[in-house]
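Side-chain atoms are counted along with the backbone in the values below, which use heavy atoms only and exclude waters and symmetry mates. Letters A, B, ... are given to chains in the order of the sequence lines, protein chains preceding strands, and every chain is numbered from 1.
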There are 2 protein chains.
Amino acid sequence: MRADAARNRAKVLDAARELFAEKGFDVPLDEIAGRAGVGPGTVYRHFPTKQALFQAVTEARVATMIASANEPSDDPGGALVAFLGRMAEEAAAKRDLSDAITVPSELRDSLHTALGGLLRRAQEVGAVRTDVTTRDLVALMKGMLQSMHEGANPAVLLEIVVSGLQSSRKP
Amino acid sequence: MRADAARNRAKVLDAARELFAEKGFDVPLDEIAGRAGVGPGTVYRHFPTKQALFQAVTEARVATMIASANEPSDDPGGALVAFLGRMAEEAAAKRDLSDAITVPSELRDSLHTALGGLLRRAQEVGAVRTDVTTRDLVALMKGMLQSMHEGANPAVLLEIVVSGLQSSRKP
DNA sequence: TGCCAACCGGGGCGTGCGTTCCGTATCGTC
DNA sequence: GACGATACGGAACGCACGCCCCGGTTGGCA
């Protein structure tokens, strides 16, 4: 790879990181190219599609989260709560995480699977009501994360969801 | 107003009702015109903008909900829960309600205000934790309603949110 | 230093949508 | 039954966006 190509690739990644974090996946690709100081064609030379660029930007961070979710714990209930807290914290600062849950990709699927595992283990020790499905949890998270970009209080929302999950099933 | 004009207006409203309920606000206006058996121009003869049509369709139903939210109750906690339940039920069947909360309009503002009133009264009798703001509640509802169109279990989600709202504030 | 391959930039294409315009058809009245 | 106002329909416009192409440029090796 030529030196200027590597330089431009890095500039594109930097700009994409900033803008995806700031405005989410919906930011126009031309805007990313503009901030990187290159043309749109250059972006497509390095990444075949917009989603590929998004994935390249979020991959490392999300993979770390997934790994931490998958490592065993002697307190599965606490592990789930901690994980949700970490996601809330992250989503409050950067807008791309909430899109990483939504935009179709292998990464998204792994994240859902990891959440499912956390949920199942928490349910097995009785820390979370058993009628909640992975799908329900993902939906809740999605709503919660998106809400954080509209002025809602992350901590309060998180507490509500967590204590809701822990509540016993209605008779 | 000419007879055919009235007929077409009704056909447009019917088609819009169906399609907004089925696919939400994002349904293309041409599709509404198509189902109504008229051209797009005809739609614009009766409604100045797509949002106006949306408002005309949702106005009656949402206004009813707002009215029921605003009438006094001797059990403010139960009133809030009942209202949330009614919204969840409605949103599970029709996709337009979740958009009515989001799409800017006077109707949306009234709905937010009504929710705020319900929340405040429930908090005054100690039925709901006091650190929840109207904004938080709206965010929660928004997330919950949108989740219902993705296979989540409405009843479970509602229970989680309700018991989360009722939980005492963390120390 | 010269040459070729790699790369760049941005103009342009295709698509989908909300909205508008205007020639034509239809309604209701005289 | 004819005429004017009213309404219709759909082609067309403007816009925004993802994506591609090509003439020009630049980098690195011989």
Does B/G37 reach a base, just sugar-phosphate, or nothing at all? Heavy atoms under 4.0 Å. sugar-phosphate
When you compare the protein's N or O atoms with those of nucleotides 19-21 of chain D, which come within less than 3.5 Å of each other, and at what distance?
from	atom 1	to	atom 2	distance (Å)
D/dC19	OP1	A/T49	OG1	3.1
D/dC19	OP2	A/Y44	OH	2.7
D/dC19	OP2	A/T49	OG1	3.4
D/dC19	OP2	A/K50	N	3.1

When you check the gap from the basic side-chain N to the acidic O, do B/R95 and B/E22 get nearer than 4.0 Å? no
Distance, rounded to the nearest Å, where A/M1 contributes CE and D/dT26 contributes C1': 16 Å
Rounding to a whole Å, what distance do you find between B/E31:CD and C/dG18:C1'? 14 Å
Taking only side-chain nitrogens and oxygens of B/H46, does any of them come within less than 4.0 Å of OP1 or OP2 of D/dA7? no
Any ion pair linking A/R135 and B/E150 (charged N to carboxylate O, less than 4.0 Å)? no
Got a salt bridge between A/K94 and A/D96, using NZ or NE/NH1/NH2 to carboxylate O under 4.0 Å? no
Tell me: CZ of B/R7 to C1' of C/dG28, nearest whole Å? 13 Å
Assert: residue with more 5' nearest nucleotide on DNA chain D, out of B/G39 and B/R2, is B/R2
Lys/Arg-Asp/Glu bridge criterion (N-O < 4.0 Å) met for A/R17, A/D14: yes
Output yes when A/R35 and A/E31 qualify as a salt bridge under the 4.0 Å nitrogen-oxygen rule, no when they do not. no
Is it true that atom CZ of B/R121 has more than 12 heavy atoms of other residues, nucleotides or ligands lying nearer than 6.0 Å? yes
Phosphate contact (C/dC7 OP1 or OP2) by A/N8 side-chain N/O below 4.0 Å: no
Regarding B/A3, tell me which of base, sugar-phosphate or nothing describes its non-hydrogen contacts under 4.0 Å with the strands shown. sugar-phosphate
